[in-house]
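Take a look at the structure set out below.
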Amino acid sequence: MKKVFGTKEIVITAALLAICIISQFFKNLSVFITGPVINACLIIAVLSAGLASGIILSIITPVTAYIIAASPVMMAVPGIIPLIMAGNAVLVLATYFLLKKDLTDGKGLRDIKSYLKAIVCALLKGVFMGLTISLWLLPTFISEESPLIKKMPVFQTMFSTTQFFTACIGFVYAFIIWAALSRFLRKSDL
């Protein structure tokens with residue numbers, strides 16, 4: 001009987017977490033640096049180490065982001081952290097159920113359906129975060145007196161449209177990495 005989460009999965013998850021943490025030091029430069037790297041790590045985790053690995057990273061990375069480089073909106077509305085975790089989990093679950101089989105059989109990167117499914121996965125994350133964070137959480141918990149209210153449109157874009165685009169870029173990175181990594185992982189299973 002194969003272990004669901006053995007040594008290989010622990011090592012892959014730890015390595016991807018390290019990459020995520022390193023990328024978070026660049027968060028204040030641009031969300032288009034950190035976001036795609038985090039999303040690519042979530043996707044690679046699902047493809048190479050399974051659903052549990054992706055969920056673990058989905059939960060840990062918003063906490064490390066808060067510790068390393070918390071944005072003013074995260075400090076003002078800490079309830080955003082569980083919703084970011086859930087948004088990451090939406091991406092992980094969508095990748096697991098829509099793409100994993102296609103990409104782990106070796107021919108998925110040559111099939112246009114895989115790219116369309118990746119866009120759907122990214123869209124699901126963007127829509128989830130847009131509905132829960134941009135349209136509900138932020139307007140509910142940032143008061144009219146708060147100095148952050150002036151930046152509300154920026155925050156709402158960051159937690160909706162930007163999430164979609166960074167997830168799409170993350171898929172580009174993940175597909176490039178997966179093209180090489182999948183061959184290596186297949187050889188190591190022999």
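No experiment lies behind these values; they were computed from the predicted model shown.
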Less than 3.5 Å apart, which donor and acceptor atoms pair up between the side chains of residues 76-87 and the rest of the protein, not counting sequence neighbours?
none

How would you list, by chain and number, every residue that makes a ring-ring contact (aromatic ring centres under 6.0 Å, His included) with F25, sequence neighbours excluded? none
For T132 and L137: C-alpha separation, side-chain torsions, deciding distance, then whether side-chain contact (heavy atoms from CB on, under 4.5 Å) applies. CA-CA 6 Å; T132 60; L137 185 77; over 6 Å; no
Contact check, side chains of P139 and Q156, non-hydrogen atoms, under 4.5 Å: yes
Any link between V154 and F141 through a network of hydrophobic side chains (Ile, Leu, Val, Met, Phe, Trp, Tyr) touching at under 4.5 Å? no
If Ile, Leu, Val, Met, Phe, Trp and Tyr residues are connected whenever their side-chain heavy atoms lie under 4.5 Å apart, and connections chain through other members, are I43 and V172 in the same group? no
Trace of the side-chain contact (heavy atoms from CB on, under 4.5 Å) decision for N39 with F171: CA-CA 7 Å; N39 287 312; F171 270 108; over 6 Å; no
Minimum heavy-atom separation for A94 and L124, please, with both atom names. CB-CD1, 3.9 Å
Any donor and acceptor pair, going by atom type alone, linking the side chain of W178 with main-chain N or O of L103 inside 3.5 Å? yes
Say whether F26 and I169 are linked into one hydrophobic cluster, either directly or through other cluster members, by side-chain heavy-atom distances under 4.5 angstrom. no
Side chains of residues 30-37: which donor-acceptor partners sit under 3.5 Å, not counting sequence neighbours?
{"residue": "S30", "atom": "OG", "partner": "F32", "partner atom": "N", "Å": "3.0"}
{"residue": "T34", "atom": "OG1", "partner": "S23", "partner atom": "O", "Å": "2.9"}
{"residue": "T34", "atom": "OG1", "partner": "K27", "partner atom": "N", "Å": "3.2"}

Q163 side chain vs S160 backbone, donor-acceptor pair below 3.5 Å: no
Distance check, rounded to the nearest 0.5 Å: T61 atom OG1 versus L42 atom CG? 5.5 Å
Where the side chain of T157 meets the backbone of P153, is there a donor-acceptor pair that is under 3.5 Å apart? yes
Roughly how far apart are M129 CE and L135 CG, rounded to 0.5 Å? 12.5 Å
Going by the rule side chain to side chain donor-acceptor pair (under 3.5 Å), which residues pair with S53 if we only count those two or more places apart in sequence or in a different chain? T13
Quick one: does L47's side chain get under 4.5 Å of Y96's, heavy atoms only? no
Same cluster or not: I10 versus L181, using hydrophobic residues (I, L, V, M, F, W, Y) connected whenever any side-chain heavy atoms lie under 4.5 Å apart? yes
Heavy-atom closest contact (M74 atom, Y66 atom, distance): O-CE1, 3.8 Å
Hydrophobic clustering (ILVMFWY, side-chain heavy atoms < 4.5 Å, transitive) - are I176 and Y115 grouped together? no
Student check: side-chain heavy atoms of I149 and M152 closer than 4.5 Å: yes
Quick one: does any side-chain atom of T95 pair with a main-chain N or O of L91 as donor and acceptor, under 3.5 Å? yes
Pairs satisfying salt bridge (charged side-chain N to carboxylate O under 4.0 Å, His left out), at least one member in residues 117-130, at least two apart: D102-K117
Which residues share a salt bridge (charged side-chain N to carboxylate O under 4.0 Å, His left out) with K100, sequence neighbours left out: none
